[in-house]
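For reference, the structure discussed in these notes is given below.
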Amino acid sequence: MERLQKYLARCGVASRRRSEKLISGGHVTVNGNVVTKLGTKVDANDEVLVDGKSVSLSYDNITIILNKPAGYVSTMDDPQGRACVAELVPIDQYPSLFPVGRLDRLTTGLLLFTTDGELGNKLLHPSHEVNKTYEVVCLGDLKDTSKLESGVVINSGKTAPAIVEIIDKFDYDKYLQLENEFYKNSACDVPFDKSLLDKKFTLVNITIHEGKNRQVRRMFEKVGHPVLLLKRISLDNLKLDNLELGKWRKLDQEEEESLSGYKNSNKV
């Protein structure tokens, strides 16, 4: 016997936290009865339905990487009718896929999806301190990275130390090239801001392990260099490599093995 939310996560319905919300919201029935109590226990012999659809344990979980374009929200559906990442991944083939964490609408890059709810839950848990590296194009000539490295105070508190590397500095012509590449296959219009024409820009890589809301954008805003283009290029040992914007791929064997430590961890 195991807790219902853990069972749903193992079935690939959603992460454990999301499964708890499904239960509390009355979306789950066990043996014909709606269950809203999180402590409820079930086993493989129980009939469990989520919104009327039967769920069961699957031993063929899949994890994929999407190179998310700009303009897509990181949800499987959107009540406002905006483009969402579900349009870009194979949900017909793997209906239990869900994103592990989120990238905001105008952020591109590596977004992990899995049908393994336990894996998703463990990757998101703060105790694992999973490194995430972002490529940032910020406004202005950034010279001093010490505040970003040591931590800055944003709405949700002081950020943990970060690894920051200045990659390049350039003017508007180079920025325009990067912007055009950034907005390929996007679901939104490419912005035009004539005030940028005579500005300087800095390309930076930053690695963090927290997941505060819009953290990277708020960190750079705090030090006076607003983010213009933001792309996640790695998550732990997973990298985009040459994956095209809007495309997805399955993890290879080495990448699967790199996540096995999280799957076998006792941390929840």
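Not measured: the values here are computed from a predicted model.
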I'd like to know whether L123 forms a side-chain contact (heavy atoms from CB on, under 4.5 Å) with H128, so could you lay out the CA-CA distance, the side-chain angles of the two residues, the decisive distance to 0.1 Å, and finally the verdict.
CA-CA 7 Å; L123 284 170; H128 289 290; over 6 Å; no
For W248 and L88, run side-chain contact (heavy atoms from CB on, under 4.5 Å): C-alpha distance rounded to whole Å, both residues' side-chain angles, the deciding distance at 0.1 Å, then the answer.
CA-CA 8 Å; W248 63 271; L88 304 173; 6.0 Å; no
Passes side-chain contact (heavy atoms from CB on, under 4.5 Å), T40 versus I23? Steps please.
CA-CA 10 Å; T40 301; I23 296 167; over 6 Å; no
Going through the distances and angles, do R218 and S156 end up as a side-chain contact (heavy atoms from CB on, under 4.5 Å)?
CA-CA 10 Å; R218 294 184 180 193; S156 51; 5.5 Å; no
Could you walk me through whether E255 and R249 pass the salt bridge (Lys or Arg N to Asp or Glu O under 4.0 Å) test, one step at a time?
CA-CA 12 Å; E255 290 170 328; R249 65 171 177 82; 2.8 Å; yes
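Between the side chains of E179 and Y175, at least one donor N or O sits under 3.5 Å from an acceptor N or O. Defined by atom type and a distance below 3.5 Å, a donor-acceptor pair is missing between the side-chain atoms of D78 and T75. Between E257 and Q253, the side chains place a donor N or O and an acceptor N or O closer than 3.5 Å (distance only, hydrogens not considered). With no hydrogens or angles considered, no side-chain donor-acceptor pair links D116 and T114 at under 3.5 Å.
The closest donor-acceptor contact from the side chain of H125 to the backbone of S127 lies under 3.5 Å. Side chain of N180 to backbone of Q177: no donor-acceptor contact under 3.5 angstrom is found. Remark: the backbone N or O of P69 is not paired with any side-chain donor or acceptor of N185 at under 3.5 angstrom. Listed for the K132 side chain is a donor-acceptor partner under 3.5 Å among the backbone atoms of V130. Remark: side-chain polar atoms of K222 are not paired, donor with acceptor, to backbone N or O of L148 under 3.5 angstrom. Checking side-chain atoms of S74 against main-chain N and O of L103 turns up a donor-acceptor pair under 3.5 Å. Proximity of a side-chain donor or acceptor of N131 to a complementary backbone N or O of D236 within less than 3.5 Å is not detected.
Under the 4.5 Å side-chain heavy-atom criterion for Ile, Leu, Val, Met, Phe, Trp and Tyr, V89 and V100 are members of distinct hydrophobic clusters. In terms of hydrophobic clustering, with Ile, Leu, Val, Met, Phe, Trp and Tyr side chains grouped at heavy-atom distances under 4.5 Å, V73 and L106 are assigned to different clusters. Hydrophobic clustering (side-chain heavy atoms under 4.5 Å, transitive across Ile, Leu, Val, Met, Phe, Trp, Tyr) keeps L229 apart from Y134. Both V50 and V35 are members of a single hydrophobic cluster when ILVMFWY side chains are connected at heavy-atom separations under 4.5 Å. When the side chains of ILVMFWY residues are joined at heavy-atom separations under 4.5 Å, either directly or via intervening members, V85 and V13 end up in two distinct hydrophobic clusters.
Within a 6.0 Å radius of CZ in R102, other residues, nucleotides and ligands contribute 12 heavy atoms or fewer. Within a 6.0 Å radius of NZ in K147, no more than 12 heavy atoms belonging to other residues, nucleotides or ligands are found. Other residues, nucleotides and ligands contribute over 12 non-hydrogen atoms within 6.0 Å of the CD atom of E2. Few gaps surround NZ on K212; more than 12 heavy atoms of other groups in view lie less than 6.0 Å from it. Other residues, nucleotides and ligands contribute more than 12 heavy atoms inside 6.0 Å of the CG atom of D252.
In terms of heavy atoms, T115 sits closest to Y94 at CG2-CB, 4.3 Å. When all heavy atoms are compared, the tightest approach of L38 to S24 is CD2-OG, 3.8 Å. Closest approach of C84 and Y72 over heavy atoms only: O-CD2, 3.5 Å. Across all non-hydrogen atoms, the minimal contact from F113 to P99 is CD2-N, 3.6 Å. Here the closest non-hydrogen pair linking K247 and L66 is O-CD1, 3.4 Å. Here the shortest heavy-atom pairing between L4 and V48 reads CD1-CG1, 4.2 Å.
Applying the salt bridge (Lys or Arg N to Asp or Glu O under 4.0 Å) test to residues at least two apart or on different chains, none of the pairs has a partner in residues 186-206.
A distance of 5.5 Å separates OG1 of T133 from CD1 of I233, quoted to the nearest 0.5 Å. To the nearest 0.5 Å, atom CD1 of residue I64 and atom CG of residue L111 are 9.0 Å apart. The line from CG of L240 to OG of S234 is 8.5 Å long, rounded to the nearest 0.5 Å. Separating the OG1 atom in T29 from the CD atom in E47 is a distance of 6.5 Å, to the nearest 0.5 Å. Atom NE2 of H225 is separated from atom CE of M219 by 13.0 Å, given to the nearest 0.5 angstrom. Expressed to the nearest 0.5 Å, how far CG of L178 lies from CD of E135 amounts to 7.5 Å.
Partners of E118 under the salt bridge (charged side-chain N to carboxylate O under 4.0 Å, His left out) rule, at least two apart in sequence or in another chain, are R16.
The aromatic rings of F170 and F201 lie parallel to each other, their planes meeting at an angle below 30°, with 60° marking the opposite boundary.
Under a 4.0 Å N-O distance rule, the pair E181/K231 does not qualify as a salt bridge.
Looking at heavy atoms from C-beta onward, L112 lies in side-chain contact with I65 at the 4.5 angstrom threshold. With a 4.5 Å cut-off on side-chain heavy atoms, L139 and L196 count as touching. Under the 4.5 Å side-chain criterion, counting only non-hydrogen atoms from C-beta, Y7 is not in contact with S19. Contact of the L142 side chain with the F220 side chain is registered, since non-hydrogen atoms from C-beta on lie closer than 4.5 Å. Side chains of N61 and L119 form no contact here, defined as non-hydrogen atoms less than 4.5 Å apart.
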Tell me which donor-acceptor pairs under 3.5 Å the side chains of residues 159-166 have, and how far apart each pair is, sequence neighbours excluded?
unit_1, atom_1, unit_2, atom_2, d
T159, OG1, V152, N, 3.0
T159, OG1, V152, O, 3.4

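When each of R232, K68, R217 is tested with T107 by the rule side-chain hydrogen bond (donor to acceptor under 3.5 Å, both in side chains), just one qualifies, namely R217.
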